[in-house]
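A short worksheet on the structure shown next.
To find a chain, count down the sequence lines: A is the first, B the second, and so on, and within it residues start at 1.
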2 protein chains.
Amino acid sequence: MAGRRRWSTEEILDAAAELLRTSSADSFSVRKLAATLGTDSSSLYRHFRSKTELLRAVADRILLAAMDGYRPEGDWKQRITSLALRVREAFGQQPQLASVWGRYASSGTGSRLVMEEVLQALRASGLPDEEIPVRYHRIVVLLAALIASEAGVSTVTPEEHEQGLELFRVAVLGADPERFPALAHFARDVRPLGVDRRAAFEEILADHLAHIEAAMPPS
Amino acid sequence: MAGRRRWSTEEILDAAAELLRTSSADSFSVRKLAATLGTDSSSLYRHFRSKTELLRAVADRILLAAMDGYRPEGDWKQRITSLALRVREAFGQQPQLASVWGRYASSGTGSRLVMEEVLQALRASGLPDEEIPVRYHRIVVLLAALIASEAGVSTVTPEEHEQGLELFRVAVLGADPERFPALAHFARDVRPLGVDRRAAFEEILADHLAHIEAAMPPS
DNA sequence: ACCTGAACACCGTTCAAGT
DNA sequence: ACCTGAACACCGTTCAAGT
């Protein structure tokens with residue numbers, strides 16, 4: 001797995017993407033990346049000013065790969081939905097990447113492809129031009145937030161998961177019906193934040209897009 | 001600021017909340033907390049099994065404080081909105097707290113108060129009982145994601161912010177109009193993810209609530 | 001000119017040894 | 001019984017000194 005001296009920026013990014021893909025959840029570090037390249041972490045700092053800059057570049061590269069083979073299909077809502085699922089899939093288990101993307105997006109071709117497709121889909125929706133930038137902004141803020149949040153959930157270990165469920169059960173089932181009547185009433189049906197995230201993602205996005213459509217002037 | 005030996009769990013939580021409030025963004029650590037208490041970090045591990053458990057307890061306590069003096073006002077949408085703004089304000093600049101809450105909520109009184117109020121507001125909306133738990137789940141997932149994402153944005157330093165804006169400008173203004181026609185068309189109006197977050201938060205939530213209302217069976 | 005060893009200033013967590 | 005010093009196994013980042 002390790003080679004010897006002189007790595008191009010490209011090769012470093014590829015190795016980083018690979019390491020992020022295979023290393024679990026949270027545990028990516030500059031030092032580990034250097035180790036898999038058979039070099040010292042200090043030499044990576046000639047290629048990148050900081051870990052954030054490195055992650056930003058990797059995020060873009062991952063978006064680029066995720067967009068490979070993408071073809072717009074269906075109406076504007078279906079286009080945005082399938083794009084969103086691709087981005088979600090790409091960042092799925094990687095909170096570090098997802099949150100760096102959510103903080104500032106990135107600036108390479110991958111990001112541009114995503115922006116372009118959302119904007120094109122919104123244009124195809126028949127929304128007036130002047131409403132598109134603000135709708136675009138909300139959609140991408142929403143996507144980035146949901147994806148990063150879900151990626152964060154994926155870092156929870158099985159024991160922590162079990163412990164979290166148990167705490168939730170206690171909080172809900174143990175709630176005093178005098179003080180928390182609604183909570184007591186729905187105790188058996190209410191779900192903790194960490195479960196059913198994929199369904200929640202799709203439904204929240206669908207709701208959001210449906211709302212845009214409903215607010216559209218009739219064409 | 002530092003006292004001497006034997007701290008109760010309560011006192012530790014208070015000190016942690018205070019330190020999180022005053023320390024900027026990301027920089028809270030168990031060791032710093034111990035230092036402000038005049039003790040060693042190892043002694044805190046008798047009160048908490050892990051940093052996550054500590055943060056979970058602090059998050060609940062902060063929600064509790066945020067709910068202090070809360071009175072439901074207006075219709076169900078206004079109730080959820082003002083609650084959401086309180087939670088947002090409470091976790092505002094604290095990505096560590098916001099993301100620990102988003103991963104599993106917490107299980108104390110603070111969390112229960114938030115759950116109760118959302119459920120009560122949804123009941124007041126006239127939504128049929130069987131739809132309330134799923135609507136509840138989506139609303140809280142959405143809130144937690146947006147709040148954690150925004151808190152993450154707040155960790156960006158001014159230089160990084162400037163650098164991010166510059167990268168965004170280059171990505172957008174420098175996009176080839178042949179390959180990215182929609183991006184080129186909206187280049188001057190499209191905003192990066194890191195700006196206007198408060199407005200985006202309120203509008204995404206308003207859209208979401210309006211959509212629930214629109215999908216409601218006429219009473 | 002390029003690279004890197006070693007260091008700086010941190011982390012969360014554990015546990016043997018002390019009081 | 002309670003507490004803590006010291007250690008373990010890490011971090012991101014810098015920079016003098018080497019090749």
Side-chain angles (χ1 to χ4, degrees), chain A residues 2-13 15-16 19-20 22-59 94-97 99-100 103-104 152 155-157 159-160 163, chain B residues 2-13 15-16 19-20 22-59 94-97 99-100 103-104 152 155-160 163-164:
Chain A
R4 244 0 66 131
R5 61 204 56 249
R6 193 137 311 159
W7 300 92
S8 71
T9 302
E10 294 289 295
E11 288 169 317
I12 293 169
L13 289 176
L19 185 58
L20 277 157
T22 57
S23 83
S24 68
D26 250 347
S27 72
F28 174 83
S29 74
V30 177
R31 288 169 115 108
K32 276 182 194 148
L33 174 59
T36 72
L37 292 168
T39 182
D40 188 88
S41 60
S42 62
S43 52
L44 300 181
Y45 282 84
R46 200 169 336 292
H47 298 86
F48 307 97
R49 271 204 291 266
S50 67
K51 188 186 182 186
T52 297
E53 195 178 278
L54 166 64
L55 287 173
R56 190 140 55 187
V58 176
Q94 282 305 331
Q96 299 199 60
L97 284 182
S99 82
V100 103
R103 274 205 294 279
Y104 262 99
T155 68
V156 174
T157 65
E159 307 97 82
E160 280 176 332
Q163 191 187 329
Chain B
R4 243 359 68 129
R5 59 203 58 250
R6 194 137 310 161
W7 301 92
S8 71
T9 303
E10 293 290 295
E11 288 170 317
I12 293 170
L13 289 176
L19 185 58
L20 277 158
T22 56
S23 82
S24 69
D26 250 347
S27 73
F28 174 83
S29 74
V30 177
R31 288 169 114 108
K32 275 182 195 148
L33 173 59
T36 71
L37 291 168
T39 183
D40 188 86
S41 60
S42 62
S43 53
L44 300 181
Y45 281 84
R46 199 173 336 291
H47 298 86
F48 306 98
R49 271 206 291 267
S50 67
K51 189 186 180 186
T52 298
E53 196 179 276
L54 166 65
L55 287 173
R56 191 140 53 186
V58 177
Q94 281 307 329
Q96 298 200 61
L97 284 182
S99 82
V100 104
R103 274 207 293 281
Y104 262 98
T155 68
V156 173
T157 64
E159 307 97 81
E160 280 177 332
Q163 191 186 328

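Base pairing of D:dG18 is made with C:dC2, judged by Watson-Crick or G-U wobble geometry with both donor-acceptor distances under 3.5 Å. Base pairing of C:dC11: no nucleotide in any strand meets the Watson-Crick or G-U wobble criterion (both distances under 3.5 Å).
Here the P atom of nucleotide D:dC11 and the CG atom of A:Leu44 are 13 Å apart, to the nearest Å. Rounding to whole angstrom units, CZ of residue B:Phe48 and P of D:dC3 are separated by 14 Å. Here C:dC3 presents its C1' atom at 15 Å from CH2 of A:Trp7, a figure rounded to the nearest Å. We find that NE2 of A:His47 is positioned 17 Å from P of C:dA1, with the value rounded to whole Å. Between the CZ atom of B:Phe28 and the C1' atom of C:dC10 there is a distance of 15 Å, given to the nearest Å. Atom pair B:Asp40:CG and D:dC3:C1' shows a separation of 10 Å (rounding to whole Å applied). If you take CG of B:Leu54 and C1' of C:dC11, they are 15 Å apart, rounded to a whole angstrom. Following rounding to the nearest Å, B:Leu55 (CG) and C:dC11 (C1') show an atom-to-atom distance of 14 Å.
Mapping A:Ser27 and A:Ser43 onto DNA chain D by nearest heavy atom places A:Ser27 closer to the 5' end of the strand.
Nearest heavy-atom pair across B:Phe48 and B:Ala57 is CE2-CB, 4.5 Å. Closest approach of A:Ala34 to A:Asp40, counting heavy atoms only: CB-C, 3.6 Å.
Here the nucleotide nearest the side chain of B:Tyr45, chosen from D:dC3, C:dG12, D:dT13, is C:dG12.
At the phosphate of D:dT4, neither OP1 nor OP2 sits under 4.0 Å from any side-chain N or O atom of B:Ser42. When the side-chain nitrogen and oxygen atoms of A:Arg31 are compared with OP1 and OP2 of D:dG12, none of them lie within a distance under 4.0 Å. For B:Ser41 and C:dT13, the shortest distance from a side-chain N or O to OP1 or OP2 is not below 4.0 Å. Dashed line: the shortest gap from a side-chain N or O of A:Ser29 to OP1 or OP2 of D:dC10 is not under 4.0 Å. A sub-4.0 Å separation between OP1 or OP2 of D:dC10 and a side-chain N or O of A:Lys32 is absent.
Here the side chains of B:Arg103 and A:Glu160 are not in contact, with every heavy-atom distance at 4.5 Å or above. Side-chain contact between A:Leu20 and A:Val58 is present, with heavy atoms from C-beta onward closer than 4.5 Å. Here the side chains of A:Phe28 and A:Leu55 are in contact, with some heavy-atom distance below 4.5 Å.
Distance check on atom P: C:dA9 versus D:dC10 gives 22 Å, rounded to whole Å.
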